[in-house]
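Everything quoted here is computed from the prediction, not taken from an experiment. Atoms within a ligand are numbered from 1 in the order they appear, just like the ligands themselves. All values below were derived from every heavy atom in this structure, side-chain atoms included, with hydrogens, water molecules and symmetry-related copies excluded.
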Amino acid sequence: MAYFDNVGKIQFEGKGSDNPFAFKHYNPQEVVLGKTMEEHLRFAVAYWHTFTGEGSDPFGVGTAVRNWDRYSGMDLAKARVEANFEFLDKINVPYYCFHDRDIAPEGATLQETNKNLDVIVSMLKDNMASSGKKLLWNTANMFTNPRFVFGAATAVNADVYAYAAAQVKKGLEVGKELGAENYVFWGGREGYETLLNTDMALELDNLARFFQMAIAYAKEIGFDAQFLIEPKPKEPTKHQYDFDAATTIAFLQKYGLADKFKLNLEANHATLAGHTFEHEIRVAAINGMLGSLDANQGDLLLGWDTDEFPTDLYSTTLTMFEVIKAGGIGRGGINFDAKVRRGSFEQDDLFLAHIAGMDTYAWGLKAAAKLIEERVLDSIVEERYRSFREGIGADIVSGKATLASLEQYALQNNPIKNESGRQERIKLMINEIIYSV
Ligand code: XUL
Ligand code: CO
C-alpha cells in the first residue's frame with residue numbers, strides 16, 4: 001500500500017531549481033571537510049510528529065489529513081509503519097526515532113500493551129531489513145497516560161515507579177531487537193509543580209537509581225546503545241529536573257553517572273531555558289557529553305515548545321559549527337523533533353517541511369565548514385586570548401601563578417588595556433559567509 005503516491009523520491013537539484021519537491025542544498029554524497037553530508041548530518045524522522053500527531057492544539061482537534069486516517073487500533077499502527085518506511089525512502093532520510101506509544105496502542109494491561117508492541121516491532125524489523133533504514137533512538141512515553149500525573153522515575157507513588165521501570169525494561173529490549181544506536185530518556189513529567197508537596201531530594205535519588213537499573217539491564221542483555229538524557233527546563237511540569245545541559249551534567253556527576261550518559265539536545269528546549277542551541281552544544285561538548293540533536297526551532301514570541309521545523313540559517317550554521325568543532329555527532333544524529341503547523345495539514349507539507357529542515361541544515365553545514373576552513377572565528381578567538389600564551393597569562397594557565405605572584409604583577413601593571421570584542425563586525429562576516437555558500 002502506498003500512502004504518498006503523488007510524491008516521488010526527492011532528489012538534489014541544486015540552487016537553481018524551482019522544484020519545491022527537490023533539495024537545493026542537501027546533496028547526500030557531497031563531501032564537506034572530508035565527510036559526506038549524509039555522514040555529517042545523520043538525519044532522522046520523528047515518528048510521533050510525522051505519523052502519530054494529528055495537528056491538535058489545546059483549543060481544537062487535529063486538522064491533519066492523512067491517508068492512514070481511515071484505520072484505527074492495530075490496523076492504524078500497521079498503516080503508520082508502512083507510511084514511515086515509504087516516507088523515509090522518498091525523503092532520503094536514513095534514520096527514524098520513536099516513543100513506544102507512538103508505534104503501538106496501549107492495551108488494557110501491561111501484558112497486552114507489550115503484545116501490541118511486539119507485533120509492531122517485528123513489522124518494523126522486517127521493514128528495516130528490506131529498506132536498510134535504521135533506528136537512531138527509541139524512548140519510552142512515560143507522560144501521556146494519567147498514571148504518570150506525578151512523573152515516572154520521580155513519581156510520588158512507588159507503583160508508578162515500578163510501572164515505568166517495566167516500560168523502560170521493555171524499551172531496552174525493543175532497542176536491542178531493532179539495533180538502536182541510542183536510547184533516550186526525556187523526563188516527560190520528571191519535575192514538580194510546587195515544592196509545598198514535593199520531596200525533591202528523594203525524587204532525584206530515585207531518578208538516579210532508575211538510571212542505574214537501566215544501565216545494569218542494558219548490560220545484562222547486551223544492548224550497547226549510547227544512553228542519552230534530553231534536557232528541557234519546563235513543560236509539561238513547571239520545573240523539569242533536567243533543566244538544561246549544565247544542570248543535567250551536574251546531576252550525572254553527583255550520582256557517578258557521567259561516563260554512562262551523553263546528552264540529546266533540542267533547540268527549542270535550549271531557548272525555553274534562556275539559552276541558544278549553540279550554548280547547549282558547547283556546554284555538552286566541553287564536558288565530553290555531546291550525544292545527539294533534536295533539530296527544531298521555537299518562536300521567540302511564544303513561551304512554549306512550538307517544535308517548528310528549523311529554517312533559521314544563522315542558527316543551523318552556528319549549530320553545525322559547534323558540532324564539527326566537537327568532532328562530529330558520533331553515534332547521534334539530527335532528529336527532526338518538529339511538527340508541521342496546524343495550518344499545514346496536507347500530506348505534501350510533511351515533505352516540504354522536511355526538505356526545508358534538511359536544506360537549512362545542509363546550508364548551515366556548508367557555511368560552518370567555510371567558517372572553519374577560513375579559520376574566521378578561530379583566529380579571532382586565538383587573538384583574543386593571546387595574553388594567556390605568554391608571560392603572566394602562561395603562568396596562570398600552567399598553574400604556576402599564585403595570588404601573591406599575581407598581586408606583584410598587578411601592582412606594577414598600570415593601566416590595564418582591554419581591546420574591543422568586535423561583535424558586530426563578526427556577525428556581518430558570518431552573514432557574508434552564509435550568503436556565499
Ligand atoms: C518533548 C520532546 C520529546 C523527546 C522525546 O519536548 O522533545 O519528544 O524528544 O521524548
Ligand atoms: Co525532543
Side-chain angles (χ1 to χ4, degrees), residues 42-58 95-103 135-145 148 151-154 164 167-168 170-172 174-175 180-191 207 210-211 214 225-245 247-248 261-273 275 277 280-281 284 290-299 302-310 315 319 329 332-340 357 361:
R42 295 167 60 86
F43 285 131
V45 167
Y47 205 95
W48 54 101
H49 286 312
T50 307
F51 304 107
T52 321
E54 292 165 351
S56 60
D57 71 10
Y95 291 98
Y96 71 111
C97 303
F98 63 79
H99 304 79
D100 45 8
R101 302 298 170 254
D102 304 332
I103 59 167
L135 186 58
L136 184 65
W137 52 260
N138 63 312
T139 186
N141 175 333
M142 303 192 293
F143 43 90
T144 300
N145 191 291
F148 298 118
T154 63
Q167 211 175 313
V168 167
K170 182 72 181 170
L172 297 173
V174 165
E181 304 256 0
N182 307 270
Y183 187 86
V184 164
F185 294 87
W186 168 58
R189 293 183 193 273
E190 314 296 22
L207 182 59
F210 195 93
F211 288 142
Q226 178 172 266
F227 272 20
L228 303 173
I229 295 183
E230 182 175 330
K232 185 175 184 180
K234 54 188 164 195
E235 199 200 24
T237 69
K238 186 173 83 172
H239 179 92
Q240 304 267 134
Y241 289 133
D242 301 325
F243 191 93
D244 60 1
T247 313
T248 307
F261 283 86
K262 289 190 172 172
L263 302 183
N264 182 41
L265 299 166
E266 176 166 327
N268 205 162
H269 297 179
T271 45
L272 289 178
H275 303 309
F277 199 19
E280 290 292 85
I281 298 171
L290 175 58
S292 196
L293 299 181
D294 270 9
N296 58 18
Q297 69 187 29
D299 184 320
L302 301 175
W304 61 92
D305 199 13
T306 59
D307 284 348
E308 294 169 32
F309 274 84
S315 170
T319 296
I329 200 66
I334 294 179
N335 167 48
F336 290 108
D337 192 351
K339 59 186 173 201
V340 287
Y361 261 89

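Between the side chain of D242 and the backbone N or O of E230, no donor-acceptor pair lies under 3.5 Å. With hydrogens and angles ignored, the 3.5 Å screen pairs a side-chain donor or acceptor of N296 with a backbone N or O of D337. Distance alone, capped at 3.5 Å, places no donor-acceptor pair between the Q297 side chain and the E308 backbone.
Using modelled atom types and a 3.5 Å distance limit, the side chains of D100 and N141 yield no donor-acceptor pair.
Ring orientation note: the planes of W137 and H99 are nearly perpendicular, at an angle over 60° on the 30°/60° scale. Between F227 and Y183, the angle of the ring planes lies from 30° to 60°, which puts this pair in the tilted group.
Checked against a 3.5 angstrom limit, the closest N/O atoms of E266 and ligand 1 fall inside it. Close N/O approach between N264 and ligand 1 is not found [any backbone or side-chain N/O within under 3.5 Å]. For ligand 1, the polar-atom distance check against W137 finds no nitrogen or oxygen pair separated by under 3.5 Å.
Other residues, nucleotides and ligands place more than 12 heavy atoms under 6.0 Å from the CD atom of E235.
Here E235 has no heavy atoms under 4.0 Å from ligand 1, in either its backbone or its side chain. Residue contacts with ligand 1, taken as heavy atom pairs separated by less than 4.0 Å, involve D305 solely via side-chain atoms from C-beta onward.
Residues V45 and F336 form no side-chain contact, since every pair of their non-hydrogen atoms from C-beta on lies 4.5 Å or further apart. Taking the side chain as every heavy atom from C-beta outward, I229 and F211 approach each other to under 4.5 Å. Contact of the N182 side chain with the K262 side chain is not registered, since no non-hydrogen atoms from C-beta on lie closer than 4.5 Å.
With rounding to the nearest 0.5 Å, the separation of CG in L135 from SG in C97 is 6.5 Å.
Against a heavy-atom cut-off of under 4.0 Å, H99 is close to the following atoms of ligand 1: 5 (C), 8 (O), 10 (O). Residue-ligand proximity, W48 to ligand 1, at heavy-atom distances under 4.0 Å covers atoms 8 (O).
Using a 4.0 Å heavy-atom cutoff, D294 is listed among the residues neighbouring ligand 1.
Taking atom 9 (O) of ligand 1 as the reference point, the nearest protein heavy-atom neighbour is E230 OE1, 2.7 Å. When only non-hydrogen protein atoms are considered, atom 8 (O) of ligand 1 lies nearest to D337 OD2, 3.4 Å.
Here 4 is the count of protein N, O or S atoms positioned under 2.8 Å from the Co ion (ligand 2), waters not counted.
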